[in-house]
There are 2 protein chains.
Amino acid sequence: MPRLSYLDIAAILRDEIERGVYRHGDTLPPEPVLAERFETTRATINNALRVLRGEGCIATHRGRGTTVTALTRRIRRSAMTRYRPEALQTSTGPFDYEVRQLGMSPRSEVTVSRVVPPAEIAEILKLDEGEQAVQRARRMFADDTPVMIASSYIPLSIAADTVLEQEQQGPGGMIRRLAELGHAQVHMDESVTVRPPNDDEADFLRMSSDQRVYVILHIGRTAEGTAVEAAQQIMPTHYWQLDYSWDVEPA
Amino acid sequence: MPRLSYLDIAAILRDEIERGVYRHGDTLPPEPVLAERFETTRATINNALRVLRGEGCIATHRGRGTTVTALTRRIRRSAMTRYRPEALQTSTGPFDYEVRQLGMSPRSEVTVSRVVPPAEIAEILKLDEGEQAVQRARRMFADDTPVMIASSYIPLSIAADTVLEQEQQGPGGMIRRLAELGHAQVHMDESVTVRPPNDDEADFLRMSSDQRVYVILHIGRTAEGTAVEAAQQIMPTHYWQLDYSWDVEPA
DNA sequence: GAGTGGTCTAGACCACAGA
DNA sequence: CTGTGGTCTAGACCACTCG
């Protein structure tokens with residue numbers, strides 16, 4: 001019998017996970033045991049697990065073991081509905097809706113502070129070098145699995161000493177508050193890129209460097225085209241699907 | 001002096017690439033040479049190169065060596081403009097525009113055939129089990145670097161024996177032709193996910209399994225909501241940025 | 001302290017590209 | 001043929017988690 005390659009082993013384990021031999025949340029056998037089962041060494045098993053980790057099937061933790069990832073389906077982030085007035089009416093907000101769609105429980109933690117934003121954000125908000133902005137940082141969970149980091153920045157000239165510097169926003173969230181302050185947003189820009197997580201992101205999102213995050217840069221603009229809010233959202237690619245839909249004029 | 005970890009080595013090499021010690025297109029020293037330089041073994045070098053490969057910095061080819069990736073900036077795919085009538089007026093089409101924006105030369109190859117589409121596509125187009133559709137497969141290049149695989153599917157009931165089964169489409173492309181055939185599209189849906197490339201994709205796009213592709217499912221609908229075109233686009237994440245922009249009603 | 005996965009060493013064989 | 005990167009073996013040390 002020919003030896004199995006790490007890809008073969010990954011395929012076998014993937015199949016067993018899909019067939020339910022290992023359930024979501026289960027712990028896989030330790031690497032030495034798998035090595036024995038497949039008549040190979042730990043290095044090869046480690047390689048196979050890296051493949052599955054990259055796909056988001058499993059998560060490995062030193063000292064704790066290898067567990068099958070909890071999320072069955074991906075959370076669907078519907079860009080066009082999540083910023084619509086109707087979506088904002090609900091006190092819970094679009095993230096809560098998106099997570100509940102999967103039958104999971106949403107939770108989030110907010111931190112508000114004044115910071116000098118990253119250069120990319122400062123440029124969008126047309127801030128001077130070293131100028132501060134209000135940062136609203138949110139860490140979001142689905143059933144206690146961390147699934148998103150979002151940082152919104154609003155120029156101090158708009159947000160200083162307003163409700164935007166308080167943690168609780170009330171129904172309609174930031175968009176509604178900004179509108180009430182005379183900065184109604186009528187246009188959104190988003191760009192999507194993908195990269196490995198940095199150390200902080202990997203730590204909070206419990207990711208390995210074999211996995212990837214979406215980086216979504218979201219910009220809200222007023223009728224004059226001024227950017228009044230710039231937000232960066234970091235999400236593991238294996239947890240999310242991004243949905244967009246729009247109307248076009250017929251050709 | 002402490003030994004360097006593969007992450008340290010990756011960081012050093014990344015820095016050297018960014019500083020221009022190795023230029024885009026250059027070949028890096030072979031792994032045994034790097035192993036000697038960093039006083040370690042090939043396995044550790046291999047590990048370091050895997051990190052850079054995952055970021056899209058380099059590409060490794062057995063027998064040929066390791067080269068620095070050609071693309072400096074990412075191609076920007078602007079979803080909302082690429083399907084607008086104005087964008088379609090130009091005979092060249094949106095992909096050509098997007099690539100030229102980077103100062104590169106676009107090229108694409110089209111293959112038209114009748115196939116039974118993947119289940120996901122068949123469901124969208126409401127095809128019966130085993131029913132065929134017209135597939136227009138495009139492989140796209142920027143300066144001879146393969147950057148995208150796109151497969152559009154149109155139901156046979158619409159496309160059979162029409163200009164849609166010919167390779168050349170003329171100005172306005174498929175959207176215009178569909179409109180002329182009485183299937184004007186007024187609504188677009190797109191979903192974005194990310195995964196490792198499959199073997200075919202990795203082969204054509206010259207990717208390794210450490211890298212990732214966007215999978216964009218694009219659906220064009222008529223005023224009645226009928227899907228008349230479903231397309232799947234596969235693009236290496238390290239080559240592309242996805243842009244979306246839209247208007248919202250004020251809160 | 002025992003068990004986990006992360007990383008490394010030293011060496012080997014292989015598939016593949018190119019002269 | 002030589003040199004490349006891909007993969008594997010056998011063994012080791014380490015950091016981390018948990019009882």
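Each chain gets a letter, A, B and so on, in the order its sequence line appears, and its residues count up from 1. Basis for what follows: all heavy atoms, side chains included, without hydrogens, waters or symmetry-related copies.
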All side-chain hydrogen bond (donor to acceptor under 3.5 Å, both in side chains) counterparts of A:Tyr153, not counting sequence neighbours: A:Gln135

Polar contact flag, side-chain donor to acceptor under 3.5 angstrom, A:Arg53-A:Thr60: yes

Listed partners of A:Glu123 passing side-chain hydrogen bond (donor to acceptor under 3.5 Å, both in side chains), at least two apart: none

By side chain to side chain contact (heavy atoms under 4.5 Å, CB included) - contacts of A:Glu109 (at least two apart): A:Arg107, A:Arg139, A:Phe141

Within residues 59-66 of chain A, residues whose heavy atoms come under 4.0 Å of DNA chain D: A:Arg62, A:Gly63, A:Arg64

Of residues 199-206 of chain B, the positions that come close to DNA chain C - non-hydrogen atoms, cut-off under 4.0 Å: none

Contacts of type side-chain hydrogen bond (donor to acceptor under 3.5 Å, both in side chains), residue A:Thr67, not counting sequence neighbours: none

Side chain to side chain contact (heavy atoms under 4.5 Å, CB included) partners of B:Ala122, counting only residues at least two apart: B:Pro117, B:Leu127

B:Glu190 vs B:Tyr244 side-chain heavy atoms within contact, under 4.5 Å: yes

Inter-axis angle, terminal five-pair segments of the helix from C:dG1-D:dC18 to C:dG18-D:dC1 [nearest 10°]: 10°

First and last nucleotide of DNA chain D, 5' to 3', lying under 4.0 Å from heavy atoms of chain A: D:dT7 to D:dC18

Contacts of type side chain to side chain contact (heavy atoms under 4.5 Å, CB included), residue B:Glu55, not counting sequence neighbours: A:Pro196, B:Arg14, B:Val51, B:Leu52, B:Cys57

Sequence-distant partners of A:His218, ring pair (Phe, Tyr, Trp, His ring centres under 6.0 Å), two or more places apart: A:Tyr83

side-chain hydrogen bond (donor to acceptor under 3.5 Å, both in side chains) against A:Arg195, all qualifying residues, sequence neighbours excluded: A:Glu201

